[in-house]
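Below is one structure; the comments refer to it alone.
The model shown is predicted, which means the values in this text are computed figures rather than measured ones. All values below were derived from every heavy atom in this structure, side-chain atoms included, with hydrogens, water molecules and symmetry-related copies excluded.
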Amino acid sequence: MKLPESEREFNRAAFRAMSIPEKADYIFAYYKLPLVLILIALIAIGSAIHQIVTHKDAVLYAAYLNVVPDEETDSTLTGGYLERIGADPARNEVLCYHELYISTDDTIQNHQYAYASKLKLMGAIDGEQLDVVIMNREAYDLLSAWGYLLDLGDACAANPRLEAALVSNTVISSDNRVEVELNEADAYIAETIEIANAVELGDSPLFPDFAADEHIYLGVIANTPRQEQSLDYLDYVLGLQ
């Protein structure tokens, strides 16, 4: 209902006569909902603008498994690769998953951390958001056995440097794990094959804190949609040795 002009003028005069705190209380009391809605809208718009301005496209997804690089090495393995391919670091990135740990160690603390890491790893793989993995021997053995790594034999045939660095590992082609877990079988039986599914860095200076007999391996995830880019990344890392 529209107020008469005389009443509106009275209200304006009354508002002008209020002190600043009284005006603030009046505005908040009568216009609280519209102000809250405006504030929410401004926050949403600001968040959207921030995401647009700061968004980076992932040219490659990588993960460190049981490997913790120092800051310089991490920069070399991410920003250094962007420089190699001429990608603008302000708009592109090598998205890296850090501090993932997988193990067969069944102590409570290790089991919980390894289980959480495996869930994150499987989620990234299922979402096709993991391409290459930098890992120690234990992680390499596990990923290979689970069948998560790409067979690199044919893929690396055209690149002598990659082919020379290839290493093979065991892949479980079939087993009766489900039957054992359901108590439908007494003994675990598995059929395995050997596949060249990683490259070895050998005595790489990239990881000086690792023992001389603990090498680092690079593998490509089997379902990566960026296989060519992944192989180029392996060649880049091998060239850093």
Side-chain angles (χ1 to χ4, degrees), residues 57-69 73-87 92-103 117-173 192-202 204 206-207 210 214-241:
D57 293 321
V59 300
L60 199 74
Y61 294 87
Y64 296 111
L65 278 179
N66 300 11
V67 174
V68 181
T73 297
D74 187 43
S75 177
T76 300
L77 294 174
T78 54
Y81 181 67
L82 294 179
E83 184 177 348
R84 168 193 171 101
I85 64 175
N92 302 276
E93 65 177 337
V94 174
L95 197 155
C96 229
Y97 302 99
H98 293 78
E99 298 181 359
L100 295 180
Y101 174 77
I102 56 176
S103 176
S117 293
K118 186 179 179 182
L119 288 181
K120 185 173 182 178
L121 183 69
M122 292 174 64
I125 292 173
D126 290 343
E128 296 186 343
Q129 293 186 327
L130 184 56
D131 304 308
V132 297
V133 183
I134 303 166
M135 53 198 163
N136 73 348
R137 183 72 202 196
E138 183 181 21
Y140 174 35
D141 288 343
L142 288 172
L143 283 192
S144 179
W146 295 337
Y148 285 164
L149 299 177
L150 179 70
D151 185 345
L152 297 174
D154 293 334
C156 294
N159 188 320
R161 179 159 61 186
L162 289 180
E163 190 173 32
L166 283 178
V167 291
S168 297
N169 207 338
T170 302
V171 177
I172 299 173
S173 56
T192 63
I193 55 176
E194 292 291 314
I195 292 180
N197 53 12
V199 296
E200 184 178 2
L201 292 185
S204 173
L206 291 171
F207 300 93
F210 274 70
E214 187 173 10
H215 293 169
I216 304 298
Y217 301 85
L218 277 82
V220 177
I221 296 300
N223 72 337
T224 173
R226 292 164 287 272
Q227 181 174 322
E228 184 176 348
Q229 193 86 59
S230 300
L231 294 175
D232 183 62
Y233 182 80
L234 264 61
D235 184 68
Y236 162 72
V237 176
L238 283 174
L240 296 173
Q241 298 188 90

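- In this structure, the side chain to side chain contact (heavy atoms under 4.5 Å, CB included) partners of Thr78, at least two apart in sequence or on a different chain, are Asp74, Val94, Cys96.
- Residues that satisfy the side chain to side chain contact (heavy atoms under 4.5 Å, CB included) test with Ala63, not counting sequence neighbours, are Tyr97, Leu100, Leu130.
- For Asp235, the side chain to side chain contact (heavy atoms under 4.5 Å, CB included) test picks out Arg84, Asn159, Arg161, Leu162, with sequence neighbours left out.
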Note to self: Test side chain to side chain donor-acceptor pair (under 3.5 Å) on Tyr81 and Gln229; report intermediate values, then the result.
What the structure shows: CA-CA 11 Å; Tyr81 181 67; Gln229 193 86 59; 2.6 Å; yes
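- Residues Glu93 and Asp57 have side chains not in contact (no heavy-atom distance under 4.5 Å, counting atoms from C-beta outward).
- At least one side-chain heavy atom of Tyr140 sits less than 4.5 Å from a side-chain heavy atom of Val167.
- Scanning both residues, Ala198 and Met135, for their nearest heavy atoms gives CB-CE, 4.5 Å.
- Partners of Tyr61 by ring-ring contact (aromatic ring centres under 6.0 Å, His included), not counting sequence neighbours: none found.
- Using modelled atom types, one side-chain atom of Asn66 and one backbone atom of Ile102 make a donor-acceptor pair closer than 3.5 Å.
- Between Gln227 atom CD and Leu152 atom CG the span is 8.0 Å, to the nearest 0.5 Å.
- Annotation: the span from Glu138 atom CD to Tyr101 atom OH amounts to 5.5 Å, rounded to 0.5 Å.
- Atoms CG and CG, from Leu238 and Leu218 in turn, are 7.0 Å apart once rounded to the nearest 0.5 Å.
- A distance of 8.5 Å separates OG1 of Thr224 from CG of Leu150, quoted to the nearest 0.5 Å.
- The side chain to side chain contact (heavy atoms under 4.5 Å, CB included) search around Glu194 returns Ser168, Thr170, not counting sequence neighbours.
- A distance of 11.0 Å separates CD1 in Ile216 from OH in Tyr64, rounded to the nearest 0.5 Å.
- Residue pairs meeting the side-chain hydrogen bond (donor to acceptor under 3.5 Å, both in side chains) criterion with at least one partner in residues 142-155, sequence neighbours excluded, are Ser144-Asn197.
- Using a 4.5 Å heavy-atom threshold, the side chains of Leu149 and Val220 count as separate.
- Between Asn136 and Leu65, every side-chain heavy-atom pair lies at or beyond the 4.5 Å cut-off.
- A distance-only check finds a donor-acceptor pair linking the side chain of Ser230 to the backbone of Arg226 [under 3.5 Å].
- Among all heavy-atom pairs drawn from Gly147 and Val171, the shortest one is CA-CG1, 4.2 Å.
- Distance check: Asn169 CG to Leu143 CG gives 10.0 Å after rounding to the nearest 0.5 Å.
- Residues Glu83 and Tyr236 have side chains that never bring a donor and an acceptor to within less than 3.5 angstrom of each other.
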